[in-house]
Structure formats: structure tokens, C-alpha cells
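Shown next, in C-alpha cells, is the structure this report addresses.
Remember, it's 1-based here, ligands and their atoms both numbered in the order they're listed. FYI, side chains are in, hydrogens and waters are out, and symmetry mates aren't considered; it's all heavy atoms of this structure.
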Amino acid sequence: MSIFPKDFLWGGAIAANQAEGAWNIDEKGVAITDTTQHGIAKNEHDEEVLPNTFYPSHEAIDFYHNYERDLELMAEMGFKCFRTSIAWTRIYPTGEEESPNEKGLHFYDCLFDKMLALGIQPVVTISHYETPLALHKKYNGWENKKLISLYIKFCKTIFERFGDKVHYWMTFNEMNNTQTIPYAAAAMDLSGSYSHQLSQIYQAQHNMYVANALANKLAKEIMPDAHMGIMLSLSQAAVYPASPKPEDVFGALQLQRRTFVSSDVQLKGCYPGYVKRIWDEYNVKLDITDEELDLIKKYKSEFLAFSYYRSSTFEDGMKIYGDTGGVVGKPNPYLKNSAWGWPVDPLGLRWMCNLVQDRYDCPMFIVENGLGAVDKISEDGKIHDKERSDYLKKHLKQIGEAIKDGCKVIGYTWWGPIDIVSAGTGEMNKRYGFIYVDRDNDGKGTMKRMKKDSFNVYKEIIETNGNCL
Ligand code: BGP
């Protein structure tokens, strides 16, 4: 008897901007993710806390022209679902056109039809940091409430067009990252005093909460059987205190729950007290109406999707960006790091699932988990990526334990089942895939695809519904 439910959604996840390429063809407009992003998040001492850089992924792996063969490889592994995003600028190039771009709609029609033909359920992130650049320039992104109606127009178009093909939707990617990478997550530049910067961040987040509520309302009207979820980055939320020192323990709790602000508001339907304390202490000024609070309360999200890569450790006195959850992180002596310095902590994932279960008692979907590593082609012409297979098996084992703990985990999509562009570094060499793509950091290569050893490891796990773990 498998630990995993028989209808468990095994799969993989990518994002339009990190895989499709074709960034400026078929009438697509420029998205913020097509630009070298800038801006550095600072703390109240004006110290740089987190780099806020993204890189243009222009050609990426040209998934736009290779998706049929790529999806056939996913189907060969037995995928039940596949997560990707719909590039907003393929549908509304500047975000404000009267009517949508038919070439963009046609691409996603073909993409979802191919998935369904292979028995793969599409799981769609409505916007994966892919806000039209024009809306950043005109409104400074989500800081302006105008984005709400423009986003809902985008939702209406894609719900009406794809509602009979797509049944799992997430409104935004990792929306709690508005705190740490505002330019990517909210298409927003921060400015002025620290208090003003926090006001911008919480205003953008509030506007996104209102948009999420209105999207849930619209979905029920257009796609009654749709599952509407929110998506967070919970990697940095697995925060351990560096010692039993009360200041370390309470500081870790503070950080952890501040990462849960977005899910508290959208799954519980109201703002928690600890956020209001931040607003008071930092003189945060917001434009929030009673009507908006009623919408948030009435149209809550159904499931919590999240990414988990690593855990972090908090020590009293550490720099915290904006008192809003940005964790610089202190090395954990009990964990080994990946080649990019991310602590590998499978038990942290079980811990996170239990935290989410206790906090929300709602279905949870792990939509990003993976290991970015340097892959080398061996003399035998193969890629023996044992580290990745070990990471996969250890994390899935912990999900199995979490399910036995009573956590309602409905699915798992490995981040980057095929090599794609790293968002944080702009590199192709930070590879996540079970499928290798011959393309390097300089955009050179044949774009040829090749199975790694981990391809068959995941294939067997799915075939046995996790029993071989
Ligand atoms: C998450 C993003 C993904 C992906 C992932 C891995 O925060 O939602 O888009 O990028 O991080 O990070 P990276 O690509 O920087 O290795």
C-alpha cells in the first residue's frame, strides 16, 4: 500500500520566462524578466541585504519551439502534471491592449493540448514574475492599484480560453518575495525612506491580495471546477534558531511567520496582528479599503502551493530585510550546502509540511523542489548525476513521512525537470534537469536534449507511486 495517494500529482515545473525563449517574437511584449533587473534591497541601516538581480533569459532553452518533444520526454517519465506559467506579455504585450494577442493564445492552446494528449494535467502559474515592463514604467508595478484591473482582464481572457483544459491555477509565483525581490515579484522599484519602502512593499502585496481574491471570484464564475491556489517561497521560512537562546528562538519565529503573511491573509482572509505591529513600528502608510478587506475575506484561496529548496538559520542580531522575512541566513553546521551554497535539508521539508498543515489545514502542493548542480558529461557519454537523484529521493521520502503525519500533500513538481535558466544567477550551468540541454552560460550549444541518470530514477518513483523510495 503506497504512502502516496493514488491520484498524487507527480510532475515537474518550469516558468515561461526561464524556458520558452522567443522573448520578442509573435507580438510578445517585453516583460520585466526580459531585462537585467536591478535594485538592491536594503535594511533600515541602509545596508545592502539581498541582491535583487535577475538576468534576461532571452533564448532560454527555446521551449517555445521544442515543447512537443520536451513534453514527450516528461510523459516518458510518467508525469501526471506539468507546471508552467502563461507569459502575460504574450497575451497583452503592454498589459493595456484592448484585445489579446491571438498568436500568444494559440501557443498556449497548442501547449495545453499537447499536455492533455500525453495524459499530463497543466498546472498554471498566472504570473511568474512576468509583469509587462510597460506597467513597471507607467505605474511602478503592483504599487499602483491599476494593476488589479489589468491583471483581472488578463485572468478573464485566459480563464475563458483555457478553462476547459486547465484545472489547477496559482495566481502569482512566490508572492511573499515582494519583500526581498520587489522588482521581480512586483515589478516595483523601491525609493525614499525605509518606512516608505516598507509602505511600497505592503501596498503592492495588498494590491496582489485583492487581485487574488477577484481572480478567485472570477474563476468560480467561469470555471466552477477549477482549483485556485496561492504560491509562496517557503525555503527561507524553514527558519531554525541558531541556539536555544530566547532571542534566537523568538527571532526565528518572527521571521518564519512573516514569510507566512501572504498565506495568512489569503487562506485565513484577514491580516494577522503581528503585521499590524510592523506597520505601527515602521510608520507604514497603506491605502486599504473596507471593500477590499471584504473581498479578501469572502474569496479565499483553496490550496497552498510552495517552493522548498533549503532551510535557513537565524541568530539574534542578524540583518533582516524590512522586518518582513528576508533572511540573510547563517551557516548551519549540521547541513551540507549545494554548489550554490543552499543548505540541503530534506527533514526541513517534512517540518515545513507539518507547519503548513497545523497553520492552515488545507491541501498543499509542493510546486518547486530541486537541486541546482554542475553536470558533467562522462567519458561514457552519460551524465551520472547521483547527487541530484539522492536529493530527489531524500526529499520525497520526507514528503512520504509528512503524509503519514497527516499532511494533505496533493502533488509534487520538481523544479526544472529539464535544464532551464537560473532566475537568481542567469546561468544555464546551474542545472536542475533530469534532461540535459546542450546550451552554456554564453548561449552557445546545439540545444540538444539528453537524459541524465536521474531521468530513470524519477521514472521508477512515479511508476511505483513512491513505493520504491
Ligand atoms: C524560485 C523561483 C523559480 C526558480 C527557483 C530556483 O524562487 O520561483 O523561478 O528560479 O527559485 O532558483 P534559481 O533559478 O535562482 O536557481
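Other residues, nucleotides and ligands contribute at most 12 non-hydrogen atoms within 6.0 Å of the NZ atom of Lys394. In the displayed structure, His106 atom NE2 is contacted under 6.0 Å by at most 12 heavy atoms of other residues, nucleotides or ligands.
In this structure, Tyr432 counts as a contact residue of ligand 1, since one of its heavy atoms falls inside 4.0 Å of the ligand.
The nearest protein atom to atom 15 (O) of ligand 1, hydrogens excluded, is given as Gly424 N, 2.7 Å; this is a heavy-atom distance. Looking from atom 7 (O) of ligand 1 to the surrounding protein, the closest heavy atom is Glu174 OE1, 2.5 Å. Considering only non-hydrogen protein atoms, atom 11 (O) of ligand 1 sits nearest to Glu368 OE1, 3.8 Å. Protein heavy atom closest to atom 13 (P) of ligand 1, with residue, atom name and distance, is Ser422 OG, 3.5 Å. In this structure, atom 5 (C) of ligand 1 lies nearest to the protein heavy atom Tyr309 OH, 3.3 Å.
Atoms OH and CD1, on Tyr209 and Ile296 in that order, are 8.5 Å from each other to the nearest 0.5 Å.
Remark: ligand 1 atoms within the under-4.0 Å shell around heavy atoms of Asn173 are 8 (O). For ligand 1, the atoms lying closer than 4.0 Å to a non-hydrogen atom of His128 are 3 (C), 8 (O), 9 (O).
Between His128 and Trp415, the distance from one ring center to the other falls under 6.0 angstrom. For Phe172 and Trp142, the distance between ring centers is under 6.0 angstrom.
Ring geometry for Trp88 against Tyr151 counts as perpendicular: the plane angle is over 60°, on a 0 to 90° scale with 30° as the lower cut.
The shortest N or O to N or O distance between Gln18 and ligand 1 is under 3.5 Å. Considering backbone and side-chain atoms together, Ala423 places an N or O closer than 3.5 Å to an N or O of ligand 1. Considering backbone and side-chain N/O of Val421, none are found under 3.5 Å from N/O of ligand 1.
Considering each of Trp415, Trp342, Tyr129, the one bringing a non-hydrogen atom nearest atom 12 (O) of ligand 1 is Trp342.
For the side-chain hydrogen bond (donor to acceptor under 3.5 Å, both in side chains) criterion with Asp345, the lone passing option out of Tyr240, Tyr309, Trp351 is Tyr240.
Because its NZ or CZ atom is not both nearer than 6.0 Å to the ring centre of Trp10 and within 45° of the ring axis, Lys459 does not count as a cation-pi partner of that residue.
Residue contacts with ligand 1, taken as heavy atom pairs separated by less than 4.0 Å, do not involve Ala15 at all.
Side-chain contact between Lys452 and Asp419 is present, with heavy atoms from C-beta onward closer than 4.5 Å.
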